[in-house]
Amino acid sequence: MPTVHDERARLHSYAARSVLDQAPDILARGLVAHVAFVVDGQPYVIPMSYHYEAGERPSDPENDPAVPHGRLYVHGSVKSRLMRHLVGGAPVSVGVTLVDGLVYSRTALDHSMNYRSAVCFGRGRRLDDEEEIHAVFERMVQRYFPGRTAGTDYLHPERKHLDMTALVEIELEAWSAKARAGGPNGPLDSDPDALGSAGLVEARSPEA
């Protein structure tokens with residue numbers, strides 16, 4: 001297991017925007033994960049639905065938020081390049097972003113976005129136990145469609161469908177989280193007599 005302060009997760013720009021303690025909440029609220037991986041020197045990024053479960057925080061005397069806890073789950077066709085990569089245990093990076101607003105400024109440089117994002121690093125393994133697979137899929141459906149239950153609102157997955165699908169658990173080795181909040185802060189944005197306009201267009205973020 002990598003050390004707590006993993007170089008992969010170090011913020012090189014705007015380090016003051018780090019919000020490591022928010023990483024679990026960001027992952028729990030997100031709807032789309034962008035999964036990045038490399039095959040034969042070629043990088044790929046695939047947007048996917050996913051499921052995150054926080055689990056128990058590992059033993060950490062400093063309770064350091066840089067220590068990731070929990071797991072991510074993704075699924076897809078057993079024939080897909082991504083699934084073949086993940087089940088082989090190769091390294092992978094996953095990004096999740098919540099957009100809270102668009103920030104417009106009187107200067108082009110200071111147009112921005114309010115956001116919360118988490119980037120995770122880890123390795124995958126395919127789940128083989130059918131009971132565990134059913135349980136994870138049911139929890140995943142519940143996350144996206146609260147109140148829907150297998151056997152009542154939809155049919156349980158058939159064996160042939162499970163055979164066509166790889167469900168992968170990604171154990172998190174490192175993560176970072178970053179956020180921006182507030183209105184425009186360009187050099188002219190507080191001057192009502194300056195050219196142009198400045199403000200914030202709020203967006204509605206997904207609820208957990």
Side-chain angles (χ1 to χ4, degrees), residues 1-10 20 22-60 64-97 117-145 149-150 154-177 208:
M1 179 66 68
T3 58
V4 171
H5 301 288
D6 194 301
E7 182 63 22
R8 292 174 295 178
R10 184 168 69 89
L20 272 171
Q22 295 185 32
D25 185 64
I26 294 168
L27 295 174
R29 291 176 180 270
L31 296 178
V32 177
H34 287 85
V35 182
F37 60 105
V38 177
V39 175
D40 297 330
Q42 173 63 51
Y44 299 89
V45 178
I46 307 295
M48 304 188 74
S49 59
Y50 72 99
H51 183 56
Y52 168 70
E53 294 186 352
E56 295 184 5
R57 179 176 291 280
S59 177
D60 173 21
D64 193 326
V67 178
H69 55 100
R71 289 165 171 76
L72 288 173
Y73 297 90
V74 294
H75 69 286
S77 168
V78 294
K79 297 180 180 180
S80 76
R81 179 167 40 207
L82 172 58
M83 290 297 110
R84 294 199 308 269
H85 178 84
L86 290 180
V87 299
V92 64
S93 178
V94 181
V96 173
T97 302
S117 66
V119 175
C120 307
F121 302 88
R123 296 174 185 271
R125 72 173 184 93
R126 182 174 181 176
L127 299 185
D128 295 314
D129 182 79
E130 187 169 339
E131 184 175 340
E132 184 180 12
I133 291 171
H134 278 286
V136 171
F137 276 142
E138 288 184 20
R139 294 196 297 271
M140 187 175 186
V141 170
Q142 278 288 314
R143 192 172 88 83
Y144 283 90
F145 305 97
T149 57
Y154 61 94
L155 297 174
H156 288 279
E158 299 178 27
R159 178 71 260 176
K160 63 180 180 181
H161 294 158
L162 293 179
D163 290 341
M164 296 164 52
T165 304
L167 176 60
V168 172
E169 175 190 80
I170 301 173
E171 183 176 0
L172 303 182
E173 299 174 345
W175 63 12
S176 64

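Residues R126 and V78 form a side-chain contact, since some pair of their non-hydrogen atoms from C-beta on lies under 4.5 Å apart. Taking 4.5 Å as the limit, every side-chain heavy atom of I26 sits out of range of all side-chain heavy atoms of Y52. Contact check for P157 versus H134: side-chain heavy atoms found under the 4.5 Å cut-off.
A distance of 8.0 Å separates CE of M140 from CG of L167, quoted to the nearest 0.5 Å. In this structure, L127 CG and I133 CD1 are separated by 6.0 Å, a value rounded to the nearest 0.5 Å. Atom CG of D163 and atom CD of E158 lie 11.0 Å apart (nearest 0.5 Å). Separating the CG atom in L31 from the OG1 atom in T97 is a distance of 11.5 Å, to the nearest 0.5 Å. Atom NE2 in H161 sits 14.5 Å away from atom NE2 in H156 (nearest 0.5 Å). Taking CG of L172 as the reference point, atom CG of L27 lies at 7.0 Å (rounded to 0.5 Å).
With sequence neighbours excluded, the residues that form a salt bridge (charged side-chain N to carboxylate O under 4.0 Å, His left out) with R123 are E173. In this structure F137 satisfies the ring pair (Phe, Tyr, Trp, His ring centres under 6.0 Å) test together with H75, sequence neighbours excluded. For H51, the ring pair (Phe, Tyr, Trp, His ring centres under 6.0 Å) criterion is met by no residue, not counting sequence neighbours.
For the residue pair E138 and A150, the shortest heavy atom distance occurs at OE2-CB, 3.6 Å. Nearest heavy atom pair, residue V38 against residue P43, reads CG2-CA, 4.1 Å. The two residues R8 and A174 make their nearest non-hydrogen contact at NH2-CB, 4.1 Å. Across all their heavy atoms, V168 and G124 have their closest contact at CG1-CA, 3.8 Å. Closest heavy-atom contact between A9 and S176: O-CB, 3.2 Å. For K160 against M164, the heavy-atom pair with the smallest separation is O-CG, 3.1 Å.
Within the structure, every pair that satisfies the salt bridge (charged side-chain N to carboxylate O under 4.0 Å, His left out) test and touches residues 69-78, not counting sequence neighbours, is listed here: R71-E169. Sorted by first and then second residue, the salt bridge (charged side-chain N to carboxylate O under 4.0 Å, His left out) pairs with a member in residues 72-83 form an empty list; sequence neighbours excluded. Residues in residues 43-55 take part in these salt bridge (charged side-chain N to carboxylate O under 4.0 Å, His left out) pairs, two or more places apart or across chains: E53-R139.
Panel note: side chain D40, backbone Q42; no donor-acceptor pair is recorded below 3.5 Å.
Classified by interplanar angle (parallel below 30°, tilted 30° to 60°, perpendicular above 60°), the ring pair H85/F37 is tilted.
Other residues, nucleotides and ligands contribute more than 12 heavy atoms inside 6.0 Å of the OH atom of Y44.
Between L82 and the choices V35, V74, V87, the side chain to side chain contact (heavy atoms under 4.5 Å, CB included) rule is met once, by V35.
For the pair R143 and Y50, the distance from NZ or CZ to the six-membered ring centre is under 6.0 Å and the angle to the ring normal is within 45 degrees.
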